[in-house]
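Input: a single structure, listed below in structure tokens.
Read the numbers this way: they start at 1 and go in the same order the structure lists the ligands and their atoms.
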Amino acid sequence: MQLDTRKLGCERDERWLFHDLDWQIGPGELWRVEGPNGAGKTTLLRILSGQMADYTGTLLWHGEPLSHCRETFMASMLYIGHRPGVKKALTPLENLDWYQAMRATKGRARTRRDTCFQALEAVGLAGFEDTPVAHLSAGQQRRVALARLALGHQSLWVLDEPFTAIDREGVRQLETWMMTHCQAGGSVIVTSHHDSGELFPSSDVLKNLRFDGHGGVHIER
Ligand SMILES: Nc1ncnc2c1ncn2[C@@H]1O[C@H](COP(=O)(O)OP(=O)(O)OP(=O)(O)O)[C@@H](O)[C@H]1O
């Protein structure tokens, strides 16, 4: 797993959010992107996850320009954004099953459903599998989205504010998942407004990319 940015830049309303950003995200690396509101964190994550083409510079996936290997990249990357990205009229189980089907996950429908059950149990939604998402709390809805992490398909996780609405125990569990994912050779890029030191207190692998809010971005390995 290797994602590189070369001279990456993005301008909004005649203001550079970031420019000339050279950054390497390698296997086993856990990156926290931090900075003030409006600095450009979400914009950066949307570019890195292949959702925005409005930037300067180059993105390389395993050394190859992203535009040449988009399909492989998209299959290897999981993005969870600000919004839970779940269908409220469906149940958690239906949402996950739909997600699995969309990713053309091989295997029998029954095995696929079992995997979904396990993922929902892992995020604390056992007993809520068949409740329409619209009837769940904000934190539970968020957990439906986060259950995708437990399905274990992708090597790169790009997570924009995944801790929003999640209780303290859930935050610790999520941190553990991210660290375990990195220990297994995966990579994580995560934003959060939690204070520094509040998250991943026991991690010695956490690296920071910090927006200073004035167009400067600082990489702290
Ligand atoms: N589609 C867009 N068109 C024009 N400007 C945009 C667009 N999306 C975001 N911006 C601007 O880009 C800047 C960066 O926004 P972004 O959402 O990336 O910041 P952020 O660091 O994630 O903020 P927050 O911490 O509040 O989530 C903001 O000034 C925002 O107004």
- Query: Quick one: does atom 14 (C) of ligand 1 have a protein heavy atom under 4.0 Å from it?
  - Reply: yes
- atom 24 (P) of ligand 1 sits nearest the protein heavy atom Asn37 ND2, 3.5 Å
- Shortest reach to atom 20 (P) of ligand 1 by a heavy atom, considering only Met52, His82, Lys41: Lys41
- Per-atom contacts, ligand 1 versus Pro36 - under 4.0 Å to a heavy atom: 21 (O)
- Message: Can you report which non-hydrogen protein atom sits closest to atom 17 (O) of ligand 1, along with the distance?
- Response: Thr42 CB, 3.6 Å
- Would you call Glu175-Arg172 a salt bridge at under 4.0 Å N-O? yes
- Task: Using distance alone, decide if ligand 1 has a nitrogen or oxygen within less than 3.5 Å of any nitrogen or oxygen in Leu17.
- Result: no
- Message: Between the side chains of Arg142 and Glu161, is the shortest nitrogen-to-carboxylate-oxygen separation below 4.0 Å, so that they form an ion pair?
- Response: no
- Item | Salt bridge flag under 4.0 Å for residues Arg6 and Asp22 | no
- Item | Geometric class of the Phe200/Phe163 ring pair [parallel <30°, tilted 30-60°, perpendicular >60°] | perpendicular
- Do you see a protein non-hydrogen atom under 4.0 Å from atom 31 (O) of ligand 1? no
- Closest non-hydrogen atom pair between Arg12 and Met52, with its separation: NH2-CE, 2.8 Å
- Min over Glu161, Arg46, Arg12, His193 of heavy-atom distance to atom 5 (N) of ligand 1 lands on Arg12
- Query: Is there a heavy atom of Gly40 sitting under 4.0 angstrom from any atom of ligand 1?
  - Reply: yes
- Query: For Trp61 and His68, what are the C-alpha separation, side-chain angles and deciding distance, and is it a side chain to side chain contact (heavy atoms under 4.5 Å, CB included)?
  - Reply: CA-CA 9 Å; Trp61 175 244; His68 296 183; over 6 Å; no
- Message: Between Arg112 and Asp97 (salt bridge meaning N to carboxylate O under 4.0 Å), is one present in this structure?
- Response: yes
- Item | Sub-3.5 Å N/O-N/O distance, Ala39 and ligand 1 | yes
- Is there a side-chain contact between Cys69 and His62 (heavy atoms, below 4.5 Å)? no
- Proximal atoms of ligand 1 relative to Thr43 (non-hydrogen, under 4.0 Å): 14 (C), 15 (O), 16 (P), 18 (O)
- Atoms of ligand 1 close to Arg15 [distance to a heavy atom under 4.0 angstrom, numbered from 1]: 13 (C), 28 (C), 29 (O)
